[in-house]
Amino acid sequence: MTQYLLSVYQPDGPAPEPDVLATIGDDLDALNQEMVSAGAWVFSGGLCAPTTATVLRARGGDVLVTDGPYTEGKEHLGGFTIVEAPDLDAALEWGRKLTRATTLPIEVRPFAHHDGAGD
């Protein structure tokens, strides 16, 4: 089994109306339970607004600390789910279900495999 990161991309701006958010929350709860029951769910979480981010950058021997998101954009990473799936097709199916539940774009990406050399 391979682990996949399902990234939820959220547009900048105000949140949807409370009734819309409630429906999305219910749909996400049901999907998370489905993933747990299928043995695919590893971890998931929502993130605070990008304005709460702190970026660290190595510069020479120093580490610079700046407030705010790493890049400016029209959307940001709003949350994520990590699943275990036998292949990309299975991970994409979880991504399809997640995009339906959230109504937002989902990026599906496998974790890199490391053979332990150099770790």
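- With contacts defined as side-chain heavy-atom distances shorter than 4.5 Å, the pair Q10/E75 does not qualify.
- Within the model, atoms CG of D67 and OG1 of T54 stand 5.5 Å from one another, a figure rounded to the nearest 0.5 Å.
- Contact between A91 and A85 at its shortest, heavy atoms only, is N-CB, 3.8 Å.
- We find the CG-NZ distance between D12 and K74 to be 10.0 Å, quoted to the nearest 0.5 Å.
- Hydrophobic clustering (side-chain heavy atoms under 4.5 Å, transitive across Ile, Leu, Val, Met, Phe, Trp, Tyr) groups V20 together with V8.
- Side chains of L31 and W94 form a contact here, defined as non-hydrogen atoms less than 4.5 Å apart.
- Side-chain contact between L98 and T81: present, with at least one pair of heavy atoms (C-beta onward) separated by less than 4.5 Å.
- In the hydrophobic clustering of this structure, F111 groups with L77; members are Ile, Leu, Val, Met, Phe, Trp, Tyr whose side-chain heavy atoms approach within less than 4.5 Å, directly or through other members.
- Between D26 atom CG and I24 atom CD1 the span is 10.5 Å, to the nearest 0.5 Å.
- Using a 4.5 Å cut-off on side-chain heavy atoms (C-beta onward), V42 and Q3 make contact.
- Proximity of a side-chain donor or acceptor of S37 to a complementary backbone N or O of Q33 within less than 3.5 Å is detected.
- With rounding to the nearest 0.5 angstrom, the NE2 atom of H76 is 10.0 Å from the SG atom of C48.
- No donor-acceptor distance shorter than 3.5 angstrom exists from the side chain of Y9 to the backbone of L104, with no hydrogens or angles considered.
- Distance check: I106 CD1 to T102 OG1 gives 4.0 Å after rounding to the nearest 0.5 Å.
- The two residues L28 and A101 have their closest heavy-atom pair at CD2-CB, 4.1 Å.
- Scanning all heavy atoms of the two residues, the minimum distance from G39 to E84 falls at O-OE1, 4.5 Å.
- Put simply, the side chain of V55 does not reach to within 4.5 Å of the side chain of V65, judged on heavy atoms.
- In this structure, T103 contributes its side chain and T99 its backbone to no donor-acceptor pair below 3.5 Å.
- In terms of hydrophobic clustering, with Ile, Leu, Val, Met, Phe, Trp and Tyr side chains grouped at heavy-atom distances under 4.5 Å, L5 and V36 are assigned to different clusters.
- Between S44 and N32, the closest side-chain pair of non-hydrogen atoms falls below 4.5 Å.
- Between V83 and M35, the closest side-chain pair of non-hydrogen atoms falls below 4.5 Å.
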If you apply the rule side chain to side chain contact (heavy atoms under 4.5 Å, CB included), what do you find for W41 with I82, and how did you get there?
CA-CA 6 Å; W41 186 87; I82 299 171; over 6 Å; no
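- When the side chains of ILVMFWY residues are joined at heavy-atom separations under 4.5 Å, either directly or via intervening members, M1 and F43 end up in two distinct hydrophobic clusters.
- Contact annotation: the side chain of F80 never approaches that of L6 to less than 4.5 Å [non-hydrogen atoms, C-beta and beyond].
- At distances below 3.5 Å, at least one donor-acceptor pair connects side-chain atoms of T52 with backbone N or O atoms of A49.
- Between the side chain of D87 and the backbone N or O of D89 there is at least one donor-acceptor pair closer than 3.5 Å.
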